[in-house]
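Accompanying notes for the structure given below.
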2 protein chains.
Amino acid sequence: MSARYLEDLAVGQIFRSGKLRVDADQIKSFAAEFDPQPFHLDDVAAQNFIFRGLAASGWHTAALTMRLLVESEFKPAGGILGAGFDEFRWPSPVRPGDELHLESEILEMRPLKSRPDQGLAKVRTTTFNQRGEPVQILVANLFVPRRPA
Amino acid sequence: MSARYLEDLAVGQIFRSGKLRVDADQIKSFAAEFDPQPFHLDDVAAQNFIFRGLAASGWHTAALTMRLLVESEFKPAGGILGAGFDEFRWPSPVRPGDELHLESEILEMRPLKSRPDQGLAKVRTTTFNQRGEPVQILVANLFVPRRPA
């Protein structure tokens, strides 16, 4: 798949990803390094906390989403580079054994006055589990280069 | 340090963290797993991209921030659990050898009508490098339990 320029994108386009499974060991290992709280680290302790069972750190969900996005059909020339986020939330926890995939929809596009060779695309990326439940919703403003003349 | 309830927090309070250093191998290893783009993976290739040198994935910066936050003086009873974000951006890239620390400031607090045992604290967490430059700004609404009667 060739890289996409701003001129190759259109509002309403949807890009899909492959699938990525996450198991309990990966959830605990990520948490031990980056988010060492009992509900992300220990199956038994997690029963007594808000998620009532082991759940992935939200930052793990975000990192897995990025992996899926980088390998998805959405390939801006110059890479995936965020200028900021309009919305970012985790509506449901990710559990051991969940298999994630995502859909990215182009919501808006505009050229950048300050950088004539670049534009911004507002993209809503929704990460789903295998039951189709959204586990993360992220609306990002991404830099996308304009096609060279 | 004992865990904090909503009644222990006040607008304007600032919590500080320890320090955490990130090296080139950690940057590349995180990127290989979660954000495999050339500017996060390869010193030489990175020279030709927007950061003009190796830079950590923003999601790595976010994950390192979470680690610092969990180990900081800010210890809500029940853990650090986000209800959503009002602001989230990466004003400067994190480079190999950077040493990060953070400051978290309580911006607002309110009880939750739907859950009388819980409140929300709006907290701005700014992650700084060793030169005092902000590398991440995150304004999060966090659940904080009310002190049991």
Side-chain angles (χ1 to χ4, degrees), chain A residues 3 20 22 26 29-41 45-46 48-51 55-71 75-91 93 115 117-118 136-143 145, chain B residues 3 20 22 26 29-41 45-46 48-51 55-71 75-91 93 115 117-118 136-143 145:
Chain A
L20 196 53
V22 60
Q26 292 166 320
S29 159
F30 185 98
E33 188 169 359
F34 296 118
D35 192 350
Q37 302 195 83
F39 34 88
H40 302 317
L41 283 171
N48 299 317
F49 283 91
I50 186 167
F51 301 117
S57 168
W59 301 107
H60 195 181
T61 303
L64 292 164
T65 295
M66 190 64 190
R67 172 64 181 256
L68 284 166
L69 189 61
V70 169
E71 295 179 344
K75 294 233 181 293
I80 299 176
L81 289 162
F85 300 101
D86 286 2
E87 187 179 344
F88 183 25
R89 55 198 174 86
W90 296 300
R115 296 182 58 185
D117 59 332
Q118 295 274 338
Q136 181 178 290
I137 296 168
L138 179 66
V139 178
N141 296 292
L142 301 174
F143 290 107
Chain B
L20 196 54
V22 60
Q26 292 166 321
S29 159
F30 185 98
E33 188 169 357
F34 297 119
D35 192 350
Q37 303 195 83
F39 33 89
H40 302 316
L41 283 170
N48 299 316
F49 284 90
I50 186 168
F51 301 116
S57 168
W59 302 106
H60 195 182
T61 303
L64 292 165
T65 295
M66 189 65 189
R67 172 63 182 257
L68 284 167
L69 189 61
V70 169
E71 295 179 344
K75 294 234 180 293
I80 299 176
L81 289 163
F85 300 101
D86 286 2
E87 186 180 346
F88 183 25
R89 57 199 172 86
W90 296 301
R115 296 182 57 186
D117 60 332
Q118 294 273 340
Q136 181 177 291
I137 295 168
L138 180 66
V139 178
N141 297 292
L142 301 174
F143 291 107

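Order of the sequence lines sets the chain letters (A, B, ...), proteins ahead of strands, with each chain counted from 1.
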A:Leu81 side chain reached by B:Phe39 side chain, heavy atoms, under 4.5 Å: yes

Close side-chain approach of A:Met66 and B:His60, heavy atoms under 4.5 Å: no

Greatest number of heavy atom pairs closer than 4.5 Å to chain A - which of B:Phe143, B:Trp90, B:Phe49: B:Trp90

A:Leu138 portion near chain B, given a 4.5 angstrom heavy-atom threshold: side chain

Main-chain N/O of B:Ala32 paired to A:Arg67 side chain as donor or acceptor, under 3.5 Å: yes

Heavy-atom pair with the smallest gap, counting every atom of A:Gln37 and B:Ile80: OE1-N, 2.7 Å

Plane angle bin for A:Phe85 and B:Trp59 - parallel if under 30°, tilted between 30 and 60°, otherwise perpendicular: tilted

B:Phe88 CZ to A:Asp86 CG distance, which is reported to the nearest 0.5 Å: 13.0 Å

